[in-house]
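Before any comments, here is the structure.
All residue numbers refer to positions in the sequence shown, counting from 1. Since the model is a prediction, treat every value here as computed from it, not as a measurement.
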Amino acid sequence: MNLLVEEWGGKYQCQEISAKKGIGVDELLEKVLLEAEMLDLKANPNRKATGSIIESSLDKGRGYVSTVLVSNGTLKIGDIVVAGTSYGRIKAMFNERNQRIEQAGPAEPAIILGLNGAPTAGDSFHIMETEQEARDITNKRTQLQREQSLRTTKTLGLDDISHRIALGEFHELNIIVKGDTDGSIEALSDSFIKLSTEKVQVNVISKAVGQISENDVMLASASDAIIVGFQVRPSADARRLAEREGVEINTYSIIYDAIDEVKSTMQGMLDKVKKEVISGEIEVKQVFKISKVGTVAGGLVIDGKVHNKDKARVIRDGIVIHTAPIDALKRYKDDAKEVATGLECGISLVNFNDIQVGDIIETFTEIEVEQKL
């Protein structure tokens, strides 16, 4: 990115700091002031404020709280702020030490209360003359956002469908993410999307700051989604509606727990694969033809352990002749549940009589194995 620091002959200052030990902070501030002087940075405090949203969250007692950094002008209590799709009149302002302040000038951070939602970190804010003007702008932006999300939902083309058929199974997991701060929602959503594999696609269809509402439950019900809440809880109405609609709401306070659970959900979506496990081998020593029973092979178990519930395949000269379930397994005249290596047994297969001396009967069981992602 062509960022060269001064030590390497570039023009960018560099300062090592430790927030933990407080090392280098004074030097950093000095360098910031020097840089501002060199760049001749100026702002006009006598105009309407503009700046950026640093973080936004939902506070239990105070409602939506946004941290802002003023880049120009002066922000005062009572100003009507528009940021992203949220607006509101500033009710109170606090500085970085949580002390009440009346105004914030250029390059000053402030915590503001009074917005009707949580703007996204990085959004710029502006001051409006009237609340009506602010409402119109946010309505227009919300509409544009909705249109954009509808347009970006990808419809499957023939190529995609054939590609998915070629891959075999394909599953989609839709997730709605709600959290307490904008930063944690972004982190969670990105982590979920990165979990996508060729077999399971993860879609975050909605993400927002705030408690889990009835709207979220209805959206989840319509799009077969699960709701993931991070440090937030569903309202009583939303919980009742979720029970009625059969929507799953999962709440977490640790990001890794949420990621692990979504991973295991994805794994559970994959179809189980049947796998054969060879249990034993019998060498046919003699063949008996018994009326009303058919052919019974007398043999020696040369490997493994033969169970009466197993399936068997007859192998002659290395070629599989027939596969069938075991009809009967006997030790002398008694039925046997299992016969171990080195013991003799009598065995007959369902609807198969063409067993010859010298054949190998291989027995196996089928087990279901969960697929890995």
Taking K178 for its side chain and Q211 for its backbone only, find out whether a donor-acceptor pair lies under 3.5 Å. yes
Candidate pair E338 and N308, rule side chain to side chain donor-acceptor pair (under 3.5 Å), full reasoning: CA-CA 6 Å; E338 57 178 50; N308 61 351; over 6 Å; no
Separation between NZ of K11 and CD of E6, rounded to the nearest 0.5 Å: 11.5 Å
Is a side-chain donor-acceptor pair under 3.5 Å present for S184 with D180? yes
Under a plain distance cut-off of 3.5 Å, with no hydrogens placed, do T50 and N72 share a side-chain donor-acceptor pair? no
Between atom CD of E214 and atom CG of D237, what is the distance when rounded to the nearest 0.5 Å? 4.5 Å
Within a radius of less than 6.0 Å around CD of E245, do more than 12 heavy atoms belonging to other residues, nucleotides or ligands occur? yes
I want to check something: taking the side chain as every heavy atom from C-beta on, are L75 and I112 in contact at a cut-off of under 4.5 Å? yes
Does anything in residues 112-130 form a side chain to side chain donor-acceptor pair (under 3.5 Å)? List the pairs, not counting sequence neighbours. K48-E129
Dump the intermediate steps for side chain to side chain donor-acceptor pair (under 3.5 Å) on T85 and T138, then the final yes or no. CA-CA 5 Å; T85 55; T138 52; over 6 Å; no
Is any side-chain N of the basic residue among R313 and E276 closer than 4.0 Å to the acidic one's carboxylate O? yes
Under 3.5 Å, is there a donor-acceptor pair linking the side chains of Q231 and Y252? no
Do you know which two heavy atoms are closest between A297 and I361, and how far apart they sit? CB-CD1, 4.4 Å
Would you find more than 12 non-hydrogen atoms of other residues, nucleotides or ligands less than 6.0 Å from Q15 atom CD? yes
With clusters defined by side-chain heavy atoms of hydrophobic residues (ILVMFWY) lying less than 4.5 Å apart, directly or transitively, does L188 cluster with I227? no
Quick check: is I176 connected to M218 through a chain of hydrophobic side chains (ILVMFWY, heavy atoms under 4.5 Å apart)? yes
Ignoring hydrogens and geometry beyond distance, is a side-chain donor-acceptor pair present between D216 and S213 at under 3.5 Å? yes
How many angstroms lie between atom OG1 of T363 and atom CD1 of I360, to the nearest 0.5 angstrom? 11.5 Å
Pair R89 + E131: basic N to acidic O under 4.0 Å: yes
According to a hydrophobic-cluster definition based on side-chain heavy atoms being under 4.5 Å apart (Ile, Leu, Val, Met, Phe, Trp, Tyr only), do F364 and V350 belong together? no
Any side-chain donor paired with an acceptor under 3.5 Å for N250 and E248? yes
Is a donor on one side and an acceptor on the other found under 3.5 Å between the side chain of N95 and the backbone of Q99? yes
Crowding at CD, E37 (>12 non-hydrogen neighbours, <6.0 Å): no
Please tell me whether Q132 and D136 have a donor and an acceptor in their side chains that are separated by less than 3.5 angstrom. yes
Side chain of D79, backbone of V81: donor and acceptor closer than 3.5 Å? no
Should the pair R135-E133 be classified as a salt bridge under the 4.0 Å nitrogen-to-oxygen rule? no
Step through the shown structure and confirm whether more than 12 heavy atoms of other residues, nucleotides or ligands are within 6.0 Å of CD on E16. no
